[in-house]
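FYI, the numbering just counts along the sequence from 1.
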Amino acid sequence: MTFAATILTLYPEMFPGPLGVSLAGRALERGDWACETVQIRDFATDRHRTVDDTPAGGGAGMVLKADVLARALDSVLAKPYPLQGRALGEGDAAPVAGDPLPPTPSAEGEGGRPVLAMTPRGEPITQARIRELAAGPGVVILCGRFEGFDERLFEARPQIEQVSLGDVVLSGGEPAALAILDACIRLLPGVMGAPSSGAEESFEEGLLEYPQYTRPVEWEGRRIPEVLRSGDHAKIAAWRRQRSEDDTRSRRPDLWERYCDARDRPASGAQRKDVGRPGK
């Protein structure tokens, strides 16, 4: 099954962008994923194709109009579901950004693609959520601009998941959408060379990844830690685990807190007492 991405944006020329090169680009050529863009401005009804208006109550900037956005989104959800349930076969052309995608079952039915709206007001995306998205049939992403979305869009379309890339403000949702798609695509089967490449990464087990080294053994008076050159795989694994924990505790106390909570919670879901918990 091909992972199908549909991006609603005022700047469709930004896609696939960097996702058209390297691992993601080769996966796009193979048909491992498909990229479709929808120009939001096409769903404006006035002769100026207006997609935004001034904020109610006053203030700087402009706000994306709920009626235009809803028409654009509804048009995507009403279309036959792209590429669900089949992989590209022999003789099929690989999908390219902007090309119409072949029809199959509806996106509104059970198992349809999640709809994400990129906004700094959203919940920060996590690696766990990325894994869920990558394991599914694809995603619909709505890219914000200006001062953001008219809130009534989310009230009227409660299936929209408001998502943030982190505690930063970008000029629009497109760069965040590219980052989320890249995170998903690299997890698709066959995209990364070694299956284990996606397992030993920061956030996969709730910890930051251990530090990495490569040749030369000595550089500017700094040597690769001896344990990594010992050939003792058990000692190397223990060192890496310890460094992951130490670095997470010192650099990301928020992650460390969640990691400790998850580790100390028994299978029953009840919380054990904090006796002897590291970092407490």
Is [Y] paired with [X] through a side-chain N to carboxylate O contact shorter than 4.0 Å?
| X | Y | result |
| --- | --- | --- |
| E29 | R26 | no |
| E205 | R241 | yes |
| E132 | R129 | yes |
| E151 | R121 | yes |
| R49 | D42 | yes |

Quick check: do [X] and [Y] have side-chain heavy atoms less than 4.5 Å from each other?
| X | Y | value |
| --- | --- | --- |
| C260 | E257 | no |
| V115 | E161 | no |
| P12 | I7 | no |
| V51 | M62 | no |
| D182 | L19 | yes |

[X] side chain to [Y] backbone, donor-acceptor under 3.5 Å:
| X | Y | value |
| --- | --- | --- |
| T2 | D32 | no |
| S230 | D232 | yes |
| W33 | L188 | no |

Would L8 and L69 satisfy side chain to side chain contact (heavy atoms under 4.5 Å, CB included), going step by step from the backbone distance to the final call?
CA-CA 9 Å; L8 292 86; L69 293 169; over 6 Å; no

If I take atom [atom1] from residue [X] and atom [atom2] from residue [Y], how far apart are they, to the nearest 0.5 angstrom?
| X | Y | atom1 | atom2 | value |
| --- | --- | --- | --- | --- |
| I160 | E155 | CD1 | CD | 11.0 Å |
| L73 | L153 | CG | CG | 7.0 Å |
| L187 | I130 | CG | CD1 | 8.0 Å |
| R243 | L207 | CZ | CG | 13.0 Å |
| F149 | C143 | CZ | SG | 7.5 Å |

Between [X] and [Y], is any side-chain donor less than 3.5 angstrom from a side-chain acceptor?
| X | Y | result |
| --- | --- | --- |
| T9 | E174 | yes |
| R113 | T6 | yes |
| Y11 | Q39 | no |

Intermediate values then yes/no, side chain to side chain contact (heavy atoms under 4.5 Å, CB included), F15 and L178:
CA-CA 8 Å; F15 297 88; L178 287 167; 3.6 Å; yes

Trace of the side chain to side chain contact (heavy atoms under 4.5 Å, CB included) decision for L64 with I40:
CA-CA 10 Å; L64 288 168; I40 295 170; 5.7 Å; no

Could you state whether [X] and [Y] fall into the same hydrophobic cluster, counting links through intermediate Ile, Leu, Val, Met, Phe, Trp or Tyr residues with side-chain heavy atoms under 4.5 angstrom apart?
| X | Y | answer |
| --- | --- | --- |
| L208 | I236 | no |
| Y210 | L228 | no |
| V76 | I180 | yes |
| F43 | V63 | no |

Identify the two heavy atoms, one from [X] and one from [Y], that lie closest to each other, and give their separation to 0.1 Å.
| X | Y | value |
| --- | --- | --- |
| D53 | K65 | N-CG, 4.2 Å |
| I224 | T214 | CD1-O, 3.5 Å |
| C35 | L28 | N-CD1, 4.2 Å |
| P175 | M14 | CD-CE, 4.4 Å |
| P120 | V168 | CB-O, 4.1 Å |
| V191 | A27 | CG2-CB, 3.9 Å |

D74/R157 under salt bridge (Lys or Arg N to Asp or Glu O under 4.0 Å): CA gap, chis, key distance, verdict
CA-CA 9 Å; D74 292 349; R157 304 292 186 272; 2.7 Å; yes

Stepwise salt bridge (Lys or Arg N to Asp or Glu O under 4.0 Å) check, E36 with K79:
CA-CA 13 Å; E36 175 191 39; K79 284 195 308 184; 2.8 Å; yes

Taking atom [atom1] as the centre, does [X] end up with more than 12 heavy-atom neighbours from other residues, nucleotides or ligands that are less than 6.0 angstrom away?
| X | atom1 | answer |
| --- | --- | --- |
| R223 | CZ | yes |
| D46 | CG | yes |
| E123 | CD | no |

Using salt bridge (Lys or Arg N to Asp or Glu O under 4.0 Å), reason through R249 and E245 one step at a time and then give a plain yes or no.
CA-CA 6 Å; R249 186 190 295 112; E245 294 187 351; 5.0 Å; no

Checking salt bridge (Lys or Arg N to Asp or Glu O under 4.0 Å) for the pair E226/R229: CA distance, chi angles, key distance, verdict?
CA-CA 5 Å; E226 291 301 323; R229 302 174 56 227; 3.3 Å; yes

Trace of the side chain to side chain contact (heavy atoms under 4.5 Å, CB included) decision for L181 with I141:
CA-CA 9 Å; L181 288 174; I141 302 182; 4.0 Å; yes

In terms of ring plane angle, is the pair Y213 and W239 parallel, tilted or perpendicular, where the classes change at 30° and 60°?
tilted

